[in-house]
Protein chains: 2
Amino acid sequence: MDKRLASIKLNNIRIKDEFWNRYTDLVTAKILPYQWEVLNDRVEDAEPSHCIKNFEIAAGRASGDFYGFVFQDTDLAKWIEAAAYSLAYNEDSKLIEIVDGAIDLIADAQCPDGYINTYFTIKEPEGRFTNLSEGHELYTAGHMMEAAVAYYNVTGKDKFLKVMCKMADLLCDTFYTERYKYAIPGHQEVEIGLIKLYQATGTRKYLDLAKAFIDRRGHKPNHLEEERKREDWKDVFHNPDPFIPEYSQCDEPVRIQKTARGHAVRAVYMYTAMADLAYEYDDKELMLACERLYEDIVNRQMYITGGIGQSGIYERFTVDYDLPNDRNYAETCASIGLALFCRRMAQITHDAKYVDTMERALINTVIAGIAMDGRSFFYVNPLEVWPGNLLPYTSMSHVKPVRQKWFGCACCPPNIARTLASLGEYAVFTGDDSVWVNMYMGEKFDVNIHGAQVNLRLKTHMPFKGYNRITISSDKTVCFYLMLRIPEYADEESVKAMINGKETASVIDKGYLSIRVRIDADNSYACDIKLDFDIPARFVYANSNVRADAGKVAITKGAIVYTMEEADNGANLPSFAVDTKGGITEVWDEELFGGCMVLEVSGTRSENEDTGRESLYGITPPREVPARMRLIPYAYWNNRGEGEMLVWMRRK
Amino acid sequence: MDKRLASIKLNNIRIKDEFWNRYTDLVTAKILPYQWEVLNDRVEDAEPSHCIKNFEIAAGRASGDFYGFVFQDTDLAKWIEAAAYSLAYNEDSKLIEIVDGAIDLIADAQCPDGYINTYFTIKEPEGRFTNLSEGHELYTAGHMMEAAVAYYNVTGKDKFLKVMCKMADLLCDTFYTERYKYAIPGHQEVEIGLIKLYQATGTRKYLDLAKAFIDRRGHKPNHLEEERKREDWKDVFHNPDPFIPEYSQCDEPVRIQKTARGHAVRAVYMYTAMADLAYEYDDKELMLACERLYEDIVNRQMYITGGIGQSGIYERFTVDYDLPNDRNYAETCASIGLALFCRRMAQITHDAKYVDTMERALINTVIAGIAMDGRSFFYVNPLEVWPGNLLPYTSMSHVKPVRQKWFGCACCPPNIARTLASLGEYAVFTGDDSVWVNMYMGEKFDVNIHGAQVNLRLKTHMPFKGYNRITISSDKTVCFYLMLRIPEYADEESVKAMINGKETASVIDKGYLSIRVRIDADNSYACDIKLDFDIPARFVYANSNVRADAGKVAITKGAIVYTMEEADNGANLPSFAVDTKGGITEVWDEELFGGCMVLEVSGTRSENEDTGRESLYGITPPREVPARMRLIPYAYWNNRGEGEMLVWMRRK
């Protein structure tokens with residue numbers, strides 16, 4: 001394998017970008033303070049979190065009962081992780097004080113042997129590690145480890161890191177004993193945490209345990225089935241269904257798995273760890289499994305929005321080409337996990353195809369998960385919504401017509417926060433003598449190449465226009481390759497790269513245009529790069545095997561999937577049909593969402609032949625009346641009140 | 001209100017009809033013997049019923065525990081009801097012996113005070129009437145009453161009738177007491193049973209209790225909510241959701257309900273009783289409610305197949321125009337209930353529009369519920385099936401790709417049996433001096449008019465061809481009106497009625513053509529009626545408000561809805577698009593299903609542009625290749641193995 005590319009330390013990045021800042025700015029200004037209030041149960045109308053309270057009870061600082069899901073602790077973990085990332089570009093002593101206070105609380109809630117989990121500490125002290133399929137203890141530990149590493153990396157403070165190392169040590173002591181020699185987590189995530197802990201501390205046993213957890217999956221007999229037969233098994237989740245190995249991706253060894261299956265978030269968190277481990281152990285078989293599973297997702301089970309998990313029940317993958325648009329789950333967290341997996345794959349393979357998918361997930365489903373005011377969130381991300389049929393106690397009850405303030409099960413909001421706060425890690429990678437620009441976003445990325453401090457400054461009109469300008473300076477004379485991603489949606493003919501005003505030959509390999517850059521220490525030879533390409537709005541068709549999209553068309557512009565909304569087009573969106581011969585008109589709407597590229601197409605709308613026709617079925621075909629349709633970016637939907645939404649439109 | 005029309009006593013009917021006999025013959029030959037084996041747990045591979053065993057335990061003849069759903073007794077009740085009807089046209093001493101034995105068993109299982117219900121007798125003797133929302137005691141009693149009346153009507157034997165009168169007396173003694181003065185059944189059905197018991201015995205208090213149960217619905221405070229607050233409430237169903245008044249149609253008084261709501265079977269069973277009661281009490285307000293609810297169903301919430309209940313979860317109505325084709329429930333029992341309701345409405349109003357709906361439900365969804373071999377059954381009746389995505393533990397797990405042998409919850413199979421065995425009650429009605437032919441089916445309907453024994457003999461080519469011949473004779477001179485339904489799908493221009501070779505003026509009122517008939521006692525004036533009309537195969541379009549059917553077309557011929565099947569057309573049925581300008585070709589296939597009218601249309605099929613294209617999304621539209629499609633009656637689907645099915649096809 002090639003040497004893995006690295007993400008840039010967030011302290012060395014500043015995102016200043018018209019498109020992305022409307023979301024990233026929310027993290028510091030709105031999401032972190034708001035979610036802190038939520039964690040402390042100080043937001044009216046939102047479902048209570050009880051998260052801080054649980055830690056206080058576990059720490060002996062308060063009395064009361066545990067409340068919430070078994071994985072309630074992860075809300076605080078993801079919040080701290082997001083806070084840590086935000087501190088990298090926004091030093092905020094008040095926030096540091098809050099986080100340090102929270103870390104003190106966590107440390108106080110830790111048991112003497114290192115165990116930390118408020119549910120089990122408060123509610124089931126005897127139940128530790130007895131129900132790994134549902135208990136989410138390892139999942140929770142994984143998020144706590146990620147948070148600890150994030151805070152250490154950004155601030156250098158290691159109290160939380162040490163707390164989690166102690167927990168990791170306990171896991172290492174426990175999970176090789178006879179009882180646990182085939183034990184695995186029911187919900188993967190601890191693998192990612194352990195790998196990060198290893199990367200931060202160099203403690204190899206953490207990496208080894210992550211590897212063991214991956215390699216044990218699919219072992220027969222299955223620990224998660226066997227543990228249910230034990231007397232000390234506790235039914236913590238009260239799910240009437242039997243344990244389904246496929247749901248937790250442990251029906252067969254991961255190395256031989258050919259299709260993405262089961263709970264989508266678990267799956268992609270696991271693939272993320274698998275990619276890391278494949279690299280760390282130079283394990284080509286595991287890498288092949290990653291590639292195979294990736295191809296299955298993107299070629300057969302992924303929505304055009306980068307959403308995954310087609311079943312509303314169990315939030316899971318179903319089968320290839322099954323992509324229903326209205327009843328699906330497509331959880332925000334699953335797209336976050338897909339982006340995490342793709343980032344690893346791109347770093348290991350140096351192939352931009354993974355960035356294409358990562359960007360698709362981030363720019364559509366992940367940011368669709370959050371309202372433009374940063375205060376309400378989607379869990380479920382369908383591609384077609386008719387608020388009228390989203391009733392409780394029906395097949396559609398999991399789909400919400402408007403973003404929710406907070407959820408009883410609140411995984412998505414803090415997950416979005418930590419993802420937006422660490423966006424720089426996705427944007428630019430570095431190699432030994434190379435800088436890889438994946439996602440064009442402004443403006444500052446400082447990297448170290450052969451001891452030289454190299455400063456990249458990006459100006460871009462992405463994602464709507466392929467205009468990019470990069471100026472590079474350095475404190476030392478340095479030579480390196482600048483690898484510029486040419487997205488799959490760029491019009492190939494139009495790609496034009498100029499270096500200091502001179503056009504360069506544009507050889508594109510695995511999606512990257514490679515430019516040899518030399519900077520003199522005195523910056524006498526300033527490096528100024530212009531990269532232009534067209535991003536035409538396009539009609540997109542689904543593979544004919546996708547039954548749900550037969551006869552339909554979607555519209556994209558670059559990575560952005562567009563959607564019709566009731567606010568622009570009136571109700572009954574499926575009554576519209578697009579004339580693809582009519583072309584797509586691009587209109588910059590300065591007023592809409594503070595500036596938005598709107599697309600317009602022509603077609604028809606079906607109406608009942610006689611106005612007021614009452615009957616459901618008749619022999620007169622509906623009348624087709626000419627219509628003009630207006631589309632906005634998918635991620636922006638439902639920011640103008642409740643209404644219908646539709647991505648895949650009928651073709652005339 | 002006009003005088004209600006009556007159904008003909010089944011003893012005076014013989015169904016001999018090419019179309020219907022393939023189902024009705026199954027009742028005696030296959031279903032009754034097979035279901036008897038099931039009730040006695042003697043069928044391998046089928047889920048155990050334990051129904052007879054439960055009665056044996058309750059009767060003290062066997063020991064053991066109750067097993068099955070709380071309403072398991074209804075399997076036997078519906079089986080006896082079906083057996084009774086079958087005895088009307090097929091005297092079978094062996095069957096009588098079995099039924100009499102079962103009735104002895106039931107009598108032995110009755111408590112001294114008249115209470116009868118094996119679940120509560122065996123398992124929760126103290127729990128009687130404490131959980132009316134979920135206990136299904138009154139529902140079960142209702143089916144037992146219906147069975148008792150059926151057996152009494154056909155055979156004249158009254159043992160079972162007396163058993164159920166004793167139970168009804170207990171209900172009358174119980175449900176006016178202080179505790180129960182606002183009590184209602186959670187699942188309606190006892191109202192129908194009580195009404196039938198009144199009709200058989202003349203005991204007015206049974207009718208009054210049925211009326212009270214209807215009038216109490218929607219009362220605040222709601223008994224079904226209040227009972228949960230009592231100490232003696234038993235959680236018999238273990239449903240984690242709270243009680244939903246709407247689900248049981250008791251969120252508001254039935255008289256003011258404007259939309260069909262909640263569990264579809266409960267709803268239509270209730271409407272059936274409401275129609276009976278509206279007539280019995282000359283209650284015009286209640287009648288208006290029936291009409292309003294009927295119109296809401298057929299104009300806004302009914303599938304073209306006569307299926308109702310759009311939500312896979314809770315088997316319930318959702319909202320107007322919400323008619324998803326693949327994830328719906330459309331329970332067989334719900335269509336049976338719709339037919340029961342429509343039959344009452346037609347009898348009361350003399351309006352054939354109700355017969356149109358009744359026939360639609362019976363000829364499509366009800367008979368789709370049973371395989372042609374009589375041994376497997378559909379609960380759920382979607383209009384679009386892709387077996388590939390019907391996975392357990394997903395949003396589609398309620399839909400089955402093939403009919404099931406028997407169900408743990410086995411309401412549908414015996415319900416189909418009793419409906420098919422009593423089909424004559426739907427076909428022809430009588431008034432004081434009129435005979436109403438609703439559904440044309442051969443061959444013998446004997447009625448009494450003003451003391452004369454009038455014999456109708458029908459020959460018909462329905463439902464595929466509108467050729468009908470009726471000869472009438474009588475033992476006395478008699479005059480009456482013969483009311484011949486002209487179905488809404490008959491080509492109006494083509495209707496031609498001849499009486500003894502002479503064309504009659506055809507004035508159609510409320511869907512019936514009225515013919516004045518006079519028969520002389522010596523039959524010197526033989527009455528020979530010919531009624532012809534065309535039944536063209538037609539393209540049918542849904543109301544534009546039905547989002548799921550936008551841009552789509554279905555094909556019907558008469559009452560029969562047609563469907564594409566994979567067996568005829570290959571896989572990926574949504575890839576086909578119909579050219580409605582190409583017309584519909586009718587082909588009689590002598591081999592298929594022992595003779596079947598097949599329909600053929602032309603159109604195109606979408607294929608990926610490059611063979612083997614791997615990616616999910618691309619900018620090249622699919623290639624449209626010419627295609628010819630073959631359709632069969634919806635009810636016949638899935639009689640040739642597992643495969644895709646599709647009613648609503650894309651329009652080219």
Side-chain angles (χ1 to χ4, degrees), chain A residues 238 240-241 244 247 298-300 302 304 310-314 316 318-319 321-324 326-328 386 388-389 391 393-397 538-548 550-551 553-554 572-575 577 580 606-608 613-622 650-651, chain B residues 238 240-241 244 247 298-300 302 304 310-314 316 318-319 321-324 326-328 386 388-389 391 393-397 538-548 550-551 553-554 572-575 577 580 606-608 613-622 650-651:
Chain A
H238 308 297
D241 291 328
I244 313 156
Y247 173 68
V298 299
N299 290 327
R300 292 179 290 278
M302 182 184 73
I304 191 171
Q310 305 102 306
S311 174
I313 294 178
Y314 278 113
R316 51 168 279 189
T318 58
V319 291
Y321 302 116
D322 178 38
L323 291 157
D326 61 348
R327 65 163 183 261
N328 57 329
W386 172 29
N389 76 349
L391 307 176
Y393 309 113
T394 70
S395 298
M396 298 300 287
S397 56
R538 278 169 164 165
F539 291 113
V540 177
Y541 307 87
N543 187 300
S544 291
N545 294 311
V546 181
R547 286 153 178 82
V553 64
N572 197 1
L573 298 181
S575 70
T580 53
S606 303
E607 284 184 353
N608 291 332
R613 171 183 156 196
E614 251 238 297
S615 65
L616 264 181
Y617 308 108
I619 56 173
T620 317
R650 286 195 294 125
R651 275 169 76 192
Chain B
H238 308 296
D241 291 328
I244 315 155
Y247 174 67
V298 300
N299 290 326
R300 292 178 289 276
M302 182 184 71
I304 190 172
Q310 305 102 306
S311 173
I313 294 178
Y314 279 112
R316 52 167 279 190
T318 56
V319 291
Y321 301 115
D322 177 38
L323 292 157
D326 62 348
R327 65 163 183 261
N328 57 330
W386 172 27
N389 77 349
L391 306 177
Y393 310 113
T394 70
S395 298
M396 297 301 285
S397 56
R538 278 171 166 165
F539 291 114
V540 177
Y541 307 87
N543 188 300
S544 291
N545 293 311
V546 180
R547 285 151 177 83
V553 63
N572 197 0
L573 297 181
S575 69
T580 53
S606 304
E607 284 184 355
N608 291 332
R613 171 182 155 196
E614 251 237 298
S615 66
L616 264 180
Y617 308 107
I619 58 173
T620 317
R650 287 196 293 124
R651 276 168 75 191

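Numbers restart at 1 for each chain; the letters A, B, ... are given by sequence-line order, proteins then strands. Since the model is a prediction, treat every value here as computed from it, not as a measurement.
Put simply, the side chain of B:N299 does not reach to within 4.5 Å of the side chain of A:Y617, judged on heavy atoms.
In this structure, chain A has a heavy atom under 4.5 Å from the side chain of B:I244, while its backbone stays farther away. Using a 4.5 Å cut-off between heavy atoms, A:V546 touches chain B through its side chain atoms alone. Heavy atoms closer than 4.5 Å to chain B are found in both the backbone and the side chain of A:R327. Neither the backbone nor the side chain of A:V553 comes within contact range of chain B; no heavy atoms are under 4.5 Å apart.
Heavy-atom minimum distance, A:R651 versus B:P621: NH2-CB, 3.9 Å. Looking at every heavy atom in both residues, A:G312 comes nearest to B:S395 through N-OG, 2.6 Å. Annotation for A:P622 and B:S544: closest pair CB-OG, 3.7 Å, computed over non-hydrogen atoms.
Here CG of A:D241 is found 5.0 Å from OH of B:Y393. Values are rounded to the nearest 0.5 Å. Atoms OG and CG, on A:S615 and B:N543 in that order, are 7.0 Å from each other to the nearest 0.5 Å. Rounding to the nearest 0.5 Å places CZ of A:R547 at 8.0 Å from CG of B:L573. Distance check: B:I619 CD1 to A:F539 CZ gives 12.0 Å after rounding to the nearest 0.5 Å.
Between B:D322 and the options A:N389, A:T394, A:L391, a side chain to side chain contact (heavy atoms under 4.5 Å, CB included) holds for only A:N389.
If you tally non-hydrogen atom pairs under 4.5 Å between each of A:A550, A:A548, A:S397 and chain B, the highest count goes to A:A550.
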Does the pair A:Y541 and B:L616 meet the rule for a side-chain contact (heavy atoms from CB on, under 4.5 Å), with working shown?
CA-CA 8 Å; A:Y541 307 87; B:L616 264 180; over 6 Å; no
Any chance you could lay out the side-chain contact (heavy atoms from CB on, under 4.5 Å) test for A:R300 and B:E614, step after step, and finish with the verdict?
CA-CA 8 Å; A:R300 292 179 290 278; B:E614 251 237 298; 2.9 Å; yes
Pair A:N572, B:N545 - check side-chain contact (heavy atoms from CB on, under 4.5 Å), show working.
CA-CA 7 Å; A:N572 197 1; B:N545 293 311; 4.2 Å; yes
